[in-house]
Amino acid sequence: MLPDEVKTDAFTEFVSATERPLRNALTGAFGPERGREAAAEAMAYGWEHWDQVGKMENPAGYLYRVGRDRARRMASRRSVELAPVLEGETVWVEPGLPAALARLPERQRVVVALVHGYGWSLGETAELLGVAKGTVQSHSKRGLRSLRRYLGVEL
Amino acid sequence: MSTGLLQQLNAYYEQVSDSQEPITDTDLRALLEAPTSLTPDSKTPNRRGAWVAVAAAIGTLLLVGGVALLVGRESDVAVSDDLLPGTSVPTPNPTSSPATTLSVTSGTSVEWTTVSTDGFAEGAVLDDVAYGRGVYVAVGGVGLAPNQDAAVWVSQDGIDWTRVSDPAGHFGGDGPQEIRAVVFGDHRFVAVGEDWLAAVGSDDVPLDAPDLAVWVSEDGLSWTRVADVDGTLGGPGGQSLGNAYDLAYGDAGYVFLGSERLPKPYLVSWVSPDGITWSRETLCSEDSCSQEGLAELGDVGFDEVVVQALAYGNGIYLAIGGLQGGAPLVLLSDDGLQWRVPVNLQGLADGALLDVTYSHGRFVATGWNWTVGYGAIWTSVDGVSWDLVVEDESHPVFDLVASDGNEIIVMSKVFRSRASAVYWHSGDGIVWTRSTFDPAVPPSAGSLFLKAAAVANRDYVVIGGENLTPQGPADTLTYIIWKGQRR
């Protein structure tokens with residue numbers, strides 16, 4: 001059992017480094033509302049089990065799985081509610097993009113979000129998701145291919 | 001469209017990110033119910049069981065399982081948020097099919113007693129219990145990894161338990177072993193578990209690479225480990241029971257579903273006519289479910305198909321669970337090897353399925369209703385058309401069901417107070433009675449976690465523990481057995 005102050009300091013540092021990546025990943029997979037809630041709950045879980053989680057080789061990856069499972073349980077059926085496209089932004093975004101993203105399998109969606117939405121490297125994405133880089137690449141390709149098909153675009 | 005897809009994706013997620021508030025201490029405090037500060041003392045016991053359960057319930061098996069071996073063990077509890085001290089039991093609000101009659105009792109029909117666990121060694125882990133040949137058989141393990149051995153205990157009355165001796169060393173060997181599930185069928189107990197073969201954590205043996213192991217016994221007292229001569233249960237990569245620590249016995253024999261990593265993951269079914277000779281069939285790979293009958297699942301792979309439990313009845317093996325995103329999953333099989341998804345699954349649209357049994361000509365599945373957050377019980381004759389027979393607003397989830405083919409008991413695996421320890425039972429699958437499970441523990445006791453139950457001669461035997469958490473140190477676990485006797 002860690003002393004209280006050590007536990008608190010270590011966890012605070014951990015949150016500082018991983019809150020955003022974890023939230024982005026879960027938001028990418030499940031949408032902003034469910035993703036954020038799942039990330040918060042994963043963090044809370046991490047705090048409660050910091051004695052074990054803090055010793056893990058990849059605590060962020062572990063908590064991603066905790067959050068993912070929580071988000072899956074929150075879901076009503078298989079639909080994913082992604083944020084609508086905002087109007088008036090500098091870069092035009094196809095309004096149907098969120099719906100197209102929602103049609104992707106969860107793993108493809110989270111990879112597309114992290115790699116192409118948030119600019120993560122294949123390695124960073126693979127580490128958080130606990131899969132090989134080749135798997136990330138495969139999901140990325142398939143996800144983009146499906147998106148292009150859904151949206152009827154070539155680029 | 002005037003911009004490329006990648007540019008749009010970047011812009012879209014930038015919008016999402018900009019409109020989303022970071023998670024703050026305040027959020028975490030609210031979740032942890034900490035009124036002042038985020039210190040260890042601020043933890044409330046009710047949260048422990050709830051969020052621990054999230055990790056264990058679905059999808060994190062290999063990672064959690066590996067960790068659990070090092071620091072304790074994994075529980076297969078499911079999430080339950082209704083654990084606040086002093087939680088009352090509101091009047092039930094069942095939604096029943098037309099054929100269902102509901103009666104409510106106040107715990108007067110069953111008398112529960114706590115059974116002495118003196119017969120269990122310190123550090124014992126109990127995973128499952130079954131009844132057959134006049135004896136209850138509880139299975140699990142003893143000791144801490146890497147020195148854990150599988151273990152079996154027997155009892156004629158569910159009260160006095162004795163650990164089965166193992167002079168031939170069938171439960172031991174190099175590395176840890178643990179029995180996860182046991183079933184009685186065809187005059188034989190069959191138990192399945194995992195064997196990590198060599199020292200856990202060594203460079204050569206990854207934490208998530210056990211072999212499956214099967215033990216058989218005619219009487220519950222004398223056990224033999226099945227020799228895996230053709231490598232059906234082991235081989236390269238890791239084989240494990242996956243999410244469903246469950247065995248079903250039916251016309252085709254003994255069936256269980258598990259996983260294999262080579263190193264990519266596969267969902268695999270194992271079948272044996274006698275518990276000794278096993279065959280296997282792959283259902284899903286990492287990226288797809290290849291069996292013809294599973295085409296309905298679409299573009300889903302191994303980790304999106306979460307099997308929670310198995311049962312056999314009416315000539316059908318039935319597996320229940322969930323798909324990614326939470327859709328209910330029902331798989332049917334005639335032989336345990338080839339599985340199919342029912343095309344016209346009905347009555348489970350809002351259901352999350354966690355356990356299943358078969359009794360009185362119908363499958364009985366338990367879980368919860370997504371939309372309202374109530375524990376729920378469904379029944380089905382064919383596994384395709386389901387009727388919601390109980391919906392209990394006082395309890396968020398029912399994840400444990402057991403039956404002897406006659407009496408059925410439905411419980412929640414996690415509860416904190418006596419008031420929240422609600423269970424349902426039925427003698428026919430049609431008339432259901434709600435009652436309170438008084439576990440006979442001191443009021444100051446921590447959360448209680450149930451692991452499994454067996455029903456025999458209209459009595460119930462429930463195994464579980466106090467303050468049992470999936471990753472808690474094994475030496476802090478206190479296993480408890482309760483027996484419920486019909487008055």
Side-chain angles (χ1 to χ4, degrees), chain A residues 4 7-8 11 15 19-20 23-24 27-28 32 36 39-41 43-45 47-49 52 56 61-62 65-66 68-70 72-80 82-83 85-86 89-94 97-98 105-107 112-113 116-119 130 135 138 144 147-148 151 153 155, chain B residues 1-17 19-23 27-28 31-32 38-41 43 47-48 51-52 54-55 57-60 63-64 67 71-72 79 264 286-287 298-301 303-304 306 322-327 349-350 352 370-371 469 471:
Chain A
D4 292 358
K7 174 179 176 178
T8 304
F11 184 73
V15 169
E19 184 274 331
R20 188 182 178 93
R23 178 163 49 84
N24 285 350
T27 295
R36 186 183 184 282
E41 289 175 353
M43 287 290 186
Y45 176 94
W47 166 254
E48 289 187 304
H49 301 84
Q52 286 86 40
M56 292 178 179
Y62 179 80
R65 287 168 180 249
V66 171
R68 181 194 66 183
D69 295 343
R70 176 58 184 158
R72 286 176 177 176
R73 283 186 172 269
M74 290 178 207
S76 58
R77 303 187 181 89
R78 299 183 68 179
S79 62
V80 174
L82 299 183
V85 173
L86 300 177
E89 298 293 323
T90 311
V91 178
W92 182 85
V93 178
E94 161 66 47
L97 180 62
E106 178 191 309
R107 290 172 299 171
V112 166
H116 303 293
Y118 294 113
T135 303
S138 166
L144 290 178
L147 282 178
R148 289 187 172 108
L151 296 171
V153 299
L155 292 174
Chain B
M1 184 179 290
S2 57
T3 49
L5 178 60
L6 299 184
Q7 198 177 357
Q8 290 187 59
L9 283 167
N10 189 257
Y12 171 70
Y13 281 104
E14 201 169 290
Q15 291 176 16
V16 172
S17 189
S19 62
Q20 191 176 52
E21 293 291 326
I23 297 163
D27 295 312
L28 298 186
L31 281 171
L32 294 163
L38 199 60
T39 67
D41 290 338
K43 291 189 296 181
R47 291 252 339 143
R48 296 172 69 88
W51 301 122
V52 160
V54 172
I58 50 176
T60 59
L63 180 57
V64 175
V67 172
V71 298
V79 64
K264 292 185 176 180
E286 184 186 31
D287 297 318
D299 185 18
V300 300
D303 67 356
E304 293 158 303
V306 182
L323 291 169
Q324 62 121 350
D350 299 320
W370 295 113
T371 54
T469 60
Q471 297 175 17

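Residue numbers start from 1 in every chain, and the chains themselves are labelled A, B, ... in the order their sequence lines are given, proteins ahead of strands.
Between chain B and the options L97(A), L147(A), V15(A), heavy-atom pairs under 4.5 Å are most frequent for L97(A). In terms of heavy-atom pairs under 4.5 angstrom with chain B, the leader among L144(A), V93(A), T27(A) is V93(A).
Minimum heavy-atom separation, V16(B) to A83(A): CG2-CB, 4.1 Å. The two atoms that bring Y62(A) and Y45(A) nearest to each other are OH-OH, 3.0 Å, heavy atoms only.
Side chain of Y12(B) to backbone of E94(A): no donor-acceptor contact under 3.5 angstrom is found.
Shown here are the ring-ring contact (aromatic ring centres under 6.0 Å, His included) partners of Y13(B), two or more places apart in sequence or in another chain: Y118(A). Residues satisfying the side-chain hydrogen bond (donor to acceptor under 3.5 Å, both in side chains) test with D287(B), not counting sequence neighbours, are none.
Both the backbone and the side chain of R36(A) come within contact range of chain B, with heavy atoms under 4.5 Å apart. Interface residue D27(B): only side-chain heavy atoms are found under 4.5 Å from chain A. Proximity to chain B (any heavy atom under 4.5 Å) is shown, for S138(A), by neither the backbone nor the side chain.
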